[in-house]
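Report on the following structure.
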Amino acid sequence: MKFNVLHTSDTSGRRSLIETAHGKINTPIFMPVGTRATVKAMTPEELEDLNAEIILGNTYHLYLRPGMDIMEKAGGLHKFMNWNKPILTDSGGFQVFSLTSLRKMKPDGVEFASHIDGTRFFLGPKESMAIQKVLGSDIVMAFDECTPYPCSYEQAKKSLEITLKWEKISREQQLQSHQNLFGIVQGSTYKDLREKSAEKLVKIDFEGYAIGGLSVGEPEEKMFECIDWVVPYLPKDKPRYLMGAGTPKQIVECVARGIDMFDCVMPTRLARHGSAFISNGKTIPLKAGRYKEDFNPIDKNCQCYTCRNYSRAYIRHLFNVGEILGMRLLTTHNLYYFLNLMKQIRDSIEKGTFSEFRENFGK
RNA sequence: GGUGGGAUUGCGGAGCGGCCAAACGCAGCAGACUGUAAAUCUGCCCUCUACGAGUUCGGUGGUUCGAAUCCACCUCCCACCA
């Protein structure tokens, strides 16, 4: 994997290029989430039309279904799902957080009770790496524990120690030659823990560095603060990835703080729930009756397929009667919104107007 | 004309003497959603001066301590028979 910074700005934001075996990634980038080998409601072709350059997959979910035997026979995730561009796979670390009630922490990993049928299975750094090796993703995430918010200092410290151990073991595992491993900074909302985490990870030496344990319910200011603590410790010549974030405004702010990569379920999930992002970064609930006779596009300024061809009234109707096309059209729009936001950010960094863009965003 | 069955809060539809302002579904309204257990979840949905009060269950009049629930008549629907 190659990483080159092409432009810097008067903020910590930079415009870079990542080159992987499956193609280029222009950063700052937004990566649509495709947990179960599909970005819900979208075909890979549609994702390409939206100019998506990299998507996510998930170790925990793909391990359970379809299972590793199938993934192996399929020849990896790219072939299986017919997506030939870069893929990043999460390690299952987020499920340690989101499925807390279904797992038990062990020294070498986590014992999960499958959320599908309760089957017990073990996932640790070795297992996670072995699975991601089969998946063949271009960017592999180290196995970590994503801490909740709030999280006591003691809990955060203990968790960080385990995570550091797991990340070291993750690094020691053999991956496919085209794969790249990213370490994940943890430490909850504690400055010394986050600094220690970043420092130790950089020593282990990864191809890229992620900041995890954020966008789990903490105040936005806390999130920015944590990023500001961590970024100075991360090498300038490696990509930085803020896991799970964020809202449009958060993304703009985090780019300014030095983040290169983002992923978030928000555009796709909110689309399925009937909400559409509009220019100012806010959302409108299209299911609401007030759009019944609104024959305007979702956003007059939007150039997406949905906005070019359909009205709010039509989409509201599709949701009202439960037609699947409503979700598809909104997912298209919301992903376009996020991907286009990133393009605007990249362009403004290139032009040297990013600070201005940031200043005016949301107004 | 006859016999039987019905009329319940926007719609559908429970309830069949007190625990009923009345289940549940739909529609409606408001909100949530951040490395996806999410095409999901939560709350509201008769009125009001609203942790309390007041009017409701086709209409009128009864029975009863107490009725949406029982009785009588009336109105309107539905089914079958002439």
Side-chain angles (χ1 to χ4, degrees), chain A residues 30-42 54-62 64-65 87-103 112-118 128 132 137 139-149 182-186 208 210-220 222-223 241-251 253-254 259 261-275 277 281 283-292 316-331 334 338:
Chain A
F30 178 79
M31 309 182 281
V33 181
T35 305
R36 304 198 290 192
T38 170
V39 173
K40 295 180 193 288
M42 292 288 102
I54 170 172
I55 62 174
L56 260 67
N58 182 278
T59 298
Y60 170 97
H61 290 280
L62 294 173
L64 286 180
R65 294 185 302 196
I87 294 177
L88 180 153
T89 44
D90 187 29
S91 60
F94 185 70
Q95 279 62 44
V96 180
F97 157 76
S98 65
L99 301 178
T100 299
S101 56
L102 298 173
R103 56 73 170 165
F112 282 100
S114 156
H115 69 284
I116 303 158
D117 61 6
S128 180
Q132 294 185 77
S137 48
I139 298 175
V140 169
M141 297 310 297
F143 190 66
D144 67 333
E145 181 193 2
C146 175
T147 50
Y149 180 87
F182 278 31
I184 305 171
V185 176
Q186 289 291 346
I211 302 176
L214 292 178
S215 50
V216 290
E218 77 285 356
E220 198 169 77
K222 263 288 174 221
M223 171 176 167
Y241 162 32
L242 176 60
M243 304 186 81
T247 63
K249 184 196 162 198
Q250 287 166 357
I251 288 176
E253 281 307 309
C254 292
I259 303 296
M261 305 162 73
F262 300 86
D263 81 281
C264 192
V265 137
M266 203 173 279
T268 45
R269 180 182 287 167
L270 292 205
R272 273 174 281 121
H273 293 175
S275 289
F277 283 87
T283 59
I284 57 171
L286 278 182
K287 284 197 268 193
R290 58 179 175 275
Y291 301 113
K292 211 168 356 184
R316 128 98 198 171
H317 163 256
L318 293 175
F319 269 91
N320 192 232
V321 296
E323 282 292 343
I324 200 167
L325 182 60
M327 291 182 208
R328 292 197 5 86
L329 292 178
L330 270 196
T331 300
N334 281 354
F338 273 67

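Note: hydrogens, waters and symmetry copies are ignored here, and every other heavy atom, side chains too, is used. Just so it is clear: chains get the letters A, B, ... in the order the sequence lines come, proteins before strands, and each one is counted from 1.
Within 4.0 Å (heavy atoms only), A:I116 reaches no atom of the nucleic acid at all. Backbone-only contact: A:R316 has heavy atoms under 4.0 Å from sugar-phosphate atoms and none from a base. Residue contacts for A:D144: at a heavy-atom cut-off of 4.0 Å it reaches a base atom on one of the strands shown. At a threshold of 4.0 angstrom between heavy atoms, the contacts of A:L214 with the nucleic acid are absent. Using a 4.0 Å heavy-atom distance criterion, A:Q95 is classed as a sugar-phosphate-only contact. Residue-level contact check: A:G213 touches the bases, meaning some heavy atom is under 4.0 Å from a base atom. Nucleic acid contact class of A:K249 (heavy atoms, under 4.0 Å, all strands): none. Contacts of A:G246 with the nucleic acid, taken as non-hydrogen atoms under 4.0 Å apart, include base atoms. Counting any heavy atom pair closer than 4.0 Å across all strands shown, A:R290 reaches sugar-phosphate atoms only and no base atom. Within the nucleic acid shown, A:L56 comes within 4.0 Å of sugar-phosphate atoms alone, with no base atom in reach, counting heavy atoms only. The residue A:Q186 sits close to a base: some heavy atom pair falls under 4.0 Å.
No side-chain donor-acceptor contact under 3.5 Å links A:T283 and A:S275.
Projected onto RNA chain B by closest heavy-atom contact, A:R36 and A:V265 fall at different nucleotides, the more 5' of which corresponds to A:V265. Residue order along RNA chain B, read from the 5' end via each residue's closest nucleotide, puts A:K292 first among A:K292 and A:K287.
Separating the P atom of B:G15 from that of B:U3 is a span of 28 Å, rounded to the nearest Å. Comparing the P positions of B:C71 and B:A7 gives an interatomic distance of 14 Å, to the nearest angstrom. Between B:A23 and B:U9, the two P atoms lie 12 Å apart (nearest whole Å). Separating the C1' atom of B:G28 from that of B:C45 is a span of 8 Å, rounded to the nearest Å. When the P atom is used for both B:C65 and B:G13, the distance is 36 Å, rounded to whole Å. Comparing B:C78 with B:G12, their P atoms sit 14 Å apart, to the nearest whole Å. The gap from the C1' atom of B:U64 to that of B:C70 amounts to 9 Å, rounded to the nearest Å. B:G43 and B:C33: their C1' atoms are spaced 15 Å apart (whole Å).
For A:A142 against A:S91, the heavy-atom pair with the smallest separation is O-OG, 2.9 Å. A pairwise comparison of heavy atoms in A:R316 and A:A288 identifies CD-O, 3.5 Å as the closest pair. Of all heavy-atom pairs between A:G213 and A:C146, the closest is CA-SG, 3.8 Å.
At a threshold of 4.5 Å between non-hydrogen side-chain atoms, the residues A:K249 and A:E220 count as touching.
Using a 4.0 Å cutoff to heavy atoms of chain A, the contacted part of RNA chain B runs 5' to 3' from B:A27 to B:U40.
When both pairing distances are held under 3.5 Å, B:A7 makes a Watson-Crick or G-U pair with B:U75. Partner assigned to B:C80 is B:G2, using Watson-Crick or G-U wobble distances below 3.5 angstrom. In this structure, B:A14 makes no Watson-Crick or G-U wobble pair, since no nucleotide meets both defining distances under 3.5 angstrom. Pair assignment for B:C29 gives B:G43, based on Watson-Crick or G-U wobble hydrogen-bonding distances that are each under 3.5 Å. A 3.5 Å limit on both hydrogen-bonding distances identifies no Watson-Crick or G-U partner for B:C57. The partner of B:A68 cannot be assigned: no Watson-Crick or G-U wobble pair with both contacts below 3.5 Å exists in any strand. Across the strands present, B:G35 finds no partner; the criterion is a Watson-Crick or G-U wobble pair with both atom distances under 3.5 angstrom.
Taking the centre of each ring, A:F94 and A:H61 stay at or above the 6.0 Å mark.
The salt bridge (Lys or Arg N to Asp or Glu O under 4.0 Å) contacts involving residues 140-149 of chain A comprise A:R103-A:E145, where partners must be two or more places apart or lie in separate chains.
Listed by chain and number, the residues in a salt bridge (charged side-chain N to carboxylate O under 4.0 Å, His left out) with A:K222 are A:E225 (sequence neighbours excluded).
Counting heavy atoms of neighbouring residues, nucleotides and ligands inside a 6.0 Å radius, atom NE2 of A:H115 exceeds 12 of them.
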